[in-house]
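Lettering of chains follows the sequences in order, A, B, ..., and the numbering in each one begins at 1. Just so you know, these numbers use all the heavy atoms, side chains as well, and skip hydrogens, waters and symmetry mates. The structure presented is a predicted model; accordingly, all values stated were derived computationally and were not measured.
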Amino acid sequence: MENALNSAARGEHLFFEKATPPKTVVIDFSSPNVAKPMHVGHIRSTILGDCLARLLRLLGHRVVTDNHIGDWGTQFGMLLVGWKRELEVVALETDAIGEMERLYKKLSAECKENPATLEAARQELVKLQGGDEENLHIWHEMIRLSQAQFDTIYGRLGVKFDHTLGESFYNPRLQPLVEELIAKGLARESEGALVIFFDDIPALKEHPALIRKSDGGFNYTTTDLATLAHRLETWQPDEIIYVTDGRQQLHFQQIFAAFRAWQSAIGNRQSAIPKLAHVWFGSILGEDGKPFKTRSGETVKLADLLDEAESRAFDVVKTKQLERLESERLPENLWPEIARVVGLGAVKYADLLPNRQSDYVFSWDKMLALSGNTAPYLQYAYARIKSIFRKAEGTSNIQHSTFNIQLAAREEIALAKHLLTFGLTLEAIAEDHRPNFLCNYLYEVAGKFTSFYENCPVLKSEGATRESRLVLCDLTARVLKQGLEILGIEVLEQM
RNA sequence: GCAUCCGUAGCUCAAUUGGAUAGAGCUUCUGACUUCGGAUCAGAAGGUUGUAGGUUCGAGUCCUACCGGAUGCGCCA
């Protein structure tokens, strides 16, 4: 055990190893819609997917993140009518998403009441699909404005994508795909639509997949299959992970079953078929146990949610700072940054802590609590360790390249043992796609550290004991920081 | 009706995938050298794991039935 700690202290590893051989993994997550505000419905997919991407990259895998945005569909007919008739240019400049949302709501209501408007929307959609220059221009503009919104939010969340290939990207591939599926005998006509049946799969016997509607149009199953084909050709992945809510389970069962049938139809060997995983999650509920909404019943916009997280965290920071002696307060100009890191960390942690498959109740008070299994508690544990090193500066020999860890106290041994299992925890998460394992692991690290901290003086001890304990502190800080980084959560030197 | 998931302490959740006395937090109660940062720690209280069977040396975990809940179920995504 001491050998492992010493080699980690020398920077040779951090209790985990790179995967051999590395796999290529495509991760599909977030997937917001063009011309609509991102809302709480996108948060779990975004945070979970980003976390899995960070973890798999750290373990040495080749990860491809692809944001499959909703940039195509019947809603654009209505949006185009609205844009041409009612666009308020000033509103578009100040709040593009808000203005597009207004247009959509207004036209959507009008279409229900007025057949002429509905017909106009249909015609605009047909023109767009036919390549009409003006409509294409407007459509591109809507995507550009939406992407700016996505980028702002992803920037705040620290989320990055390698690719953003929306639904429209696959339009040219839909017709050939359907033709291939017919040629291979996988799809046949039924009640005017083109359908894939799964007679040999009991669970799907009653649930065939529609890949072409009776009006000749394609739907999202068609697009998802085309997307799958493109990903296979482009990246040759070993695994593709879809991060969506649990309501889409049946859809993905169909996609996966169609994929298997297709692979066997083209004679692909079993071992060469990529693994497909639907990493699904439950809903976020309000305190009343119903889907999380604002007081007025609107969906909660993600931008507002993040603003509120920071502002609530600021109140906490301010309260805590004012409780301290003036000499021990941090400069006031640092408070907003502390609030930002604590607030966003709290939201992410609250989302990753519960088993992803269960619904959870969104509670500001719980996620921002300073005690219990929360992000601020972990960030605090980290800041305390950093404080030790600020005080130790100049009096420590910790930069030596040889270390001699000596574990004596019960608390030292418990902490050290737990650090050694970091790698096992990471592998379990990579296998089952369950970041809550990491949350619990880190909470235990922090708990064992504070227990050690209470019982084993570091700076007040001397000689080899002091050096050894400093190394243990340093390793704990590194594991905490690395673990939180996988969760997409930042740490602070002081808070 | 069928499918998927769930039911664990008053509340919110865990349980390393079938292992030893089911663990945390919140809440309540009791303590901690004028603190290496008290945004902390130690302790107490709190359980027939929805019910009834079954498999197993061993079940919160697997199987069956029932009770209760969430979600989904051909032309939205």
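Residues passing the salt bridge (charged side-chain N to carboxylate O under 4.0 Å, His left out) test with Glu310(A) are Arg156(A), sequence neighbours excluded. Scored by the salt bridge (charged side-chain N to carboxylate O under 4.0 Å, His left out) test, Lys448(A) finds no partners at all (sequence neighbours excluded). For His42(A), the ring pair (Phe, Tyr, Trp, His ring centres under 6.0 Å) test picks out His39(A), with sequence neighbours left out. Judged as a ring pair (Phe, Tyr, Trp, His ring centres under 6.0 Å), and not counting sequence neighbours, the contacts of Phe452(A) are Phe449(A). By the side chain to side chain donor-acceptor pair (under 3.5 Å) test, Glu444(A) pairs with His418(A), sequence neighbours left out.
For C75(B), the base has a donor-acceptor partner in the side chain of Ser214(A) [N/O atoms by modelled type, under 3.5 angstrom]. Contact annotation: side chain of Tyr220(A) to base of A77(B), donor-acceptor pair present below 3.5 Å.
Taking every side-chain heavy atom of Tyr360(A) into account, C13(B) is the closest of C76(B), A77(B), C13(B).
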What does the list of N/O pairs under 3.5 Å between the protein and nucleotides 30-33 of chain B look like, with a distance for each?
none

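Look at G74(B): its glycosidic torsion is within 90° of 0, and that puts it in the syn range.
For the segment residues 362-376 of chain A, the set of residues with a heavy atom within less than 4.0 Å of an atom of RNA chain B comprises Lys366(A), Leu370(A), Ser371(A), Gly372(A), in numerical order. Annotation: proximity of residues 421-429 of chain A to RNA chain B (heavy atom, distance under 4.0 Å) is found for no residue. Shown for residues 311-345 of chain A: residues whose heavy atoms fall under 4.0 angstrom of RNA chain B, namely Lys320(A), Arg324(A).
Residue pairs that meet the salt bridge (Lys or Arg N to Asp or Glu O under 4.0 Å) test with at least one member in residues 244-254 of chain A, sequence neighbours left out, are Asp245(A)-Arg247(A). Here side-chain hydrogen bond (donor to acceptor under 3.5 Å, both in side chains) pairs that include residues 320-334 of chain A, with residues two or more places apart or in two chains, are Lys320(A)-Glu323(A).
Annotation for Ala257(A) and Leu204(A): closest pair CB-CD1, 3.6 Å, computed over non-hydrogen atoms.
C36(B) has its base stacked against the ring of Tyr453(A), the centroids being under 5.5 angstrom apart at an interplanar angle below 30°.
RNA chain B contains the following stems of three or more consecutive Watson-Crick or G-U pairs, with both distances under 3.5 Å: B:1-7 with B:67-73, B:10-13 with B:23-26, B:28-32 with B:40-44, B:50-54 with B:62-66.
A residue-by-residue look at Pro354(A) and Asp215(A) shows that Pro354(A) has its nearest nucleotide of RNA chain B further toward the 5' end.
For His251(A) and Tyr220(A), the ring centers are positioned less than 6.0 Å apart.
The OG atom of Ser387(A) sits 12.5 Å away from the CE atom of Met495(A) when rounded to the nearest 0.5 Å.
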